Chemist: 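My questions all concern the structure below.
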Amino acid sequence: MRKLYRSSTDRQISGLCGGIAQWLGVDATVVRLIALIAVFFSVGTVVALYLIASLIVPREPFAGLGYDEPSTNY
């Protein structure tokens, strides 16, 4: 099961849309456009949910540091 993280590489504000896009396997631009359209039709509810989710969803762990990969250097 994949965990949802805020993206540290594909971010504009907090990385939430980038993280959702990575989790869904779609382009981040699509998620951002859907979020932008939802902001106009929700009368601010999506903005509040975005802020709350940005506080709750953890940041993406640092990638490329080799913690998840076994070391081949002996």
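This structure is a prediction, so every number in the text was calculated from the model and none was measured.
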Chemist: Can you hop from I20 to I13 via hydrophobic side chains spaced under 4.5 Å?
Modeler: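 Yes, because I20 and I13 connect within a single hydrophobic cluster, where side-chain heavy atoms sit under 4.5 Å apart.
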Chemist: How many angstroms lie between atom SG of C17 and atom CD of Q22, to the nearest 0.5 angstrom?
Modeler: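 With rounding to 0.5 Å, SG (C17) is 11.5 Å from CD (Q22).
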Chemist: Can V26 be reached from L16 by stepping across I, L, V, M, F, W or Y side chains whose heavy atoms are under 4.5 Å apart?
Modeler: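 In one cluster: yes.
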Chemist: Are side-chain heavy atoms of Y50 and V39 found at a separation under 4.5 Å?
Modeler: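 They are not in contact (no side-chain heavy atoms under 4.5 Å apart), so the answer is no.
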Chemist: Between atom CG of L55 and atom CZ of R6, what is the distance when rounded to the nearest 0.5 Å?
Modeler: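 These two atoms lie 8.0 Å from each other.
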Chemist: What closest approach, in Å, do S14 and S54 show between heavy atoms, and which atom pair accounts for it?
Modeler: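 Heavy atoms of S14 and S54 come nearest at OG-OG, 2.9 Å.
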Chemist: Is it the case that one hydrophobic cluster holds both I37 and V46, taking links as side-chain heavy atoms less than 4.5 Å apart, direct or via other members?
Modeler: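 In one cluster with I37: V46, no.
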Chemist: Determine, using the 4.5 Å side-chain heavy-atom cutoff (strictly less than), whether V31 and L4 are members of one ILVMFWY cluster.
Modeler: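 Yes, because V31 and L4 connect within a single hydrophobic cluster, where side-chain heavy atoms sit under 4.5 Å apart.
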Chemist: Rounded to the nearest 0.5 Å, how far does OG1 of T29 lie from CD1 of I34?
Modeler: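 It comes to 11.0 Å.
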Chemist: Are the side chains of D10 and R32 in contact, using a 4.5 Å heavy-atom criterion?
Modeler: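 With C-beta onward as the side chain, the pair touches.
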